[in-house]
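As the structure lists them, so they are numbered: ligands from 1, and atoms in each ligand from 1.
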Amino acid sequence: MFRWKNVHGAVGASALAALLLSACGPQAGEGDQTDAALRPPGNGNGSGSVAELMAARNLSEDDVRAALATYTPSGGRDEYLIFASGGHSGQIIVIGVPSMRILKVIAVFTPEPWQGYGYGDETDALLASGARDGQPLGWADTHHPALSETAGDYDGQFLFIGDKANARVAVVNLKDFTTQQIVVNPLIQSDHGAAFVTPNTEYVIETSQYPAPLDGAFAPIEEYDEKYRGAVTFWKFDRAAGRIVPEGSFAIELPPYMQDLADAGKLASDGFVFINSFNTERAWGGVLEGNPPLESGASQNDMDYLHVIDWRKAEALVAAGKTETVAGMPLLRLTTAAAEGVLHFVPEPKSPHGVDVTPDGKDIVVGGKLDTHGTVYSIEKVKKLIADKNYAGTDPYGVPILPFEEAIRGQVEIGLGPLHTVFDDKGYAYTSVFLESVVAKWSLADLKVVQKLPSHYNVGHITAAEGDTVSPDGHYVVAMNKWALDRFNDVGPLLPQNFQLIDSSGDEMRLLYDLPIPIGEPHYAQMIKADKVTPIEIYTPVGTNALTHAVDPNAVTGGKEQIERREDGVHVHMTAVRSHFTPDIVRVKQGEKIHFHITNVEQAKDATHGFAVGSYNLNASIEPGEHVNMTMIATRPGVFPLYCTEFCSALHLEMAGYLLVEPK
Ligand code: K7E
Ligand code: CUA
């Protein structure tokens, strides 16, 4: 009846488990627990026996088993961390596994008030650096986070994420979980195959989605075939500096197909990048003009093209100066890429979506979307076809096409709408099947499905423990569901997304937990062993700027606080410590510019202070040892309380002062 060995987390020997085994008989509730039957744990039931609690809440043994596999006592730590895209919020969500507790929201492309992100000089400038052609952007459509890798393994140092709507990529430092950089791609107007990294994080890959003229210029849509293009950008990453270096980056021009997801080869396929495409029909809509809508125009062909890119060869051509500079970016032209063997196509069934390289790098799995198969390409075969120049033809842009049948190892019949695939340590792949709302587990060796687990509902991406590395852990899979329907209390017409934690350690997948995500649609996430990430606990030395990770030139030490009038305005050199600001009274004249330089001089973990001036949109979060700079112009006269916004001590409410703006 029980299969404790399938439950990850070693609960079998616990006293609670023993009690459960003795206390409860067989239960009916296999599989889904319907919400209508659940009763809250209150009403004194929590003090009864486990059997009584189960009966009172109508919990099955499966429910209790799942609870034991995820419950993390107070003070307990999680074994894995998920870094999930925050979708439309433009942020990143950090989630502990197996508890599924949300641990942090990392502010990336949008302001985050609690962290004071977007309310001070440095983070204002960082967000402003993400403007496109001077247009400030108030949101992002974040899709794919990518952890930095060393030798194909997550190394826990950096995190990257792409913004589909505005073709941007951001760099997050996992030393303090803060965003360091936003780069705007000058060549393309939207991206999707972003961010993905090469096995040693030499490059962060960003591929366009919707074709447009590459120089950002206008061209009539009727000139789509001639003037519209896609591109893949290889952003050079300088690990020591923790920054993308635009000067060392390059791009490759691609035909005006809609390039979709990307993955970097590793081990056997090291040196390659694979990018899916759809709309090789080059349809562009125009429903009022007598054209078919894009969705049908783009779905005519039985095959689209998997792009196989030899990035080391491209790198060598760039070094040899075989590029043109377009929009400030060295660009390898399509004709050069095709002629020099940088770019090859392999047909792929019909409007594919996910492309995922297996842990050994030998196979590339493509999800069919409008096909029921997962197609498994063999890099060995692909390499041989390329070496032999064994082509089935060329596309209209002269790109050689490899013969489909000779490039694949086989196909696996998965179901309706396979999208994304992740891997475990036992030779299994897990594919999200959108239309069928299941996670399909299949064997890489014989390409046979062994189990389908219902998801709730419409699973999009899927992530696995260390799943994109050369050595996945195999413990957990998370289905990232687009629809939640009947899973949670109703909260109006816009429902949360639903992350479902699945135990994948045993022979059969088991559903453990549902986590609603209420801030956007997180397309993708990566899951890393928690002990690989070793963030700092406080900023040291005192006065460190979180953006530069160096002592700020304006850092203030105790005893050196002062208010100084300079040519460029009033400089307030301030310290924060439990429970006062020094200075606490700031007197200025209407119209003066004020520069606040505030150092939290504390070195105690978690001793954060906030700093706010109401009515002036000033808001900082100053972590222990951190220094922030904020600028304002005292346009309106009056008396403005300034105060600490974090309940930092018993005398937190007294951690306050005044900004006095005297009328002219
Ligand atoms: Cu499938 Cu942007 Cu990876 Cu959405 S994408 S799910
Ligand atoms: Cu410092 Cu409240």
Under 2.8 Å from atom 2 (Cu) of ligand 1 - protein N/O/S, by chain and number | His143 ND1, His192 NE2
What's the shortest distance from atom 1 (Cu) of ligand 1 to any protein heavy atom, and which residue and atom give it?
-> His353 NE2, 2.1 Å
Could you tell me whether Arg168 and Asp163 make a salt bridge, using a distance below 4.0 angstrom between a side-chain N and a carboxylate O?
-> yes
How is the N/O/S atom of His609 that comes nearest to atom 1 (Cu) of ligand 2 named?
-> ND1
Determine, step by step, whether Gln209 and Gln189 satisfy the side-chain contact (heavy atoms from CB on, under 4.5 Å) criterion, reporting the C-alpha distance in whole Å, the side-chain angles of both residues, the deciding distance to 0.1 Å, and the verdict.
-> CA-CA 8 Å; Gln209 177 125 76; Gln189 303 300 320; over 6 Å; no
Closer than 2.8 Å to atom 1 (Cu) of ligand 2, do we get an N, O or S atom from Met655, backbone or side chain?
-> yes
Winner among Lys482, Glu521, Lys369 once heavy atoms are compared against atom 6 (S) of ligand 1 | Lys482
Polar side chain donor-acceptor pair, Thr142 to Ser85, under 3.5 angstrom | yes
Does a donor on one side chain and an acceptor on the other come within less than 3.5 Å for Asp176 and Tyr539?
-> yes
May I ask you to check whether Phe274 and Tyr377 place their ring centers less than 6.0 Å from one another?
-> no
Going by the atom numbers of ligand 1, which of them fall below 4.0 Å from some non-hydrogen atom of His420?
-> 1 (Cu), 3 (Cu), 5 (S), 6 (S)
Could you tell me whether the side chains of Thr233 and Asn185 share a donor-acceptor contact shorter than 3.5 Å?
-> yes
Centroid-to-centroid, His571 to His595, below 6.0 Å?
-> yes
Sole candidate of Glu626, Arg578, Glu602, His580 that passes side chain to side chain donor-acceptor pair (under 3.5 Å) when paired with His609 | Glu602
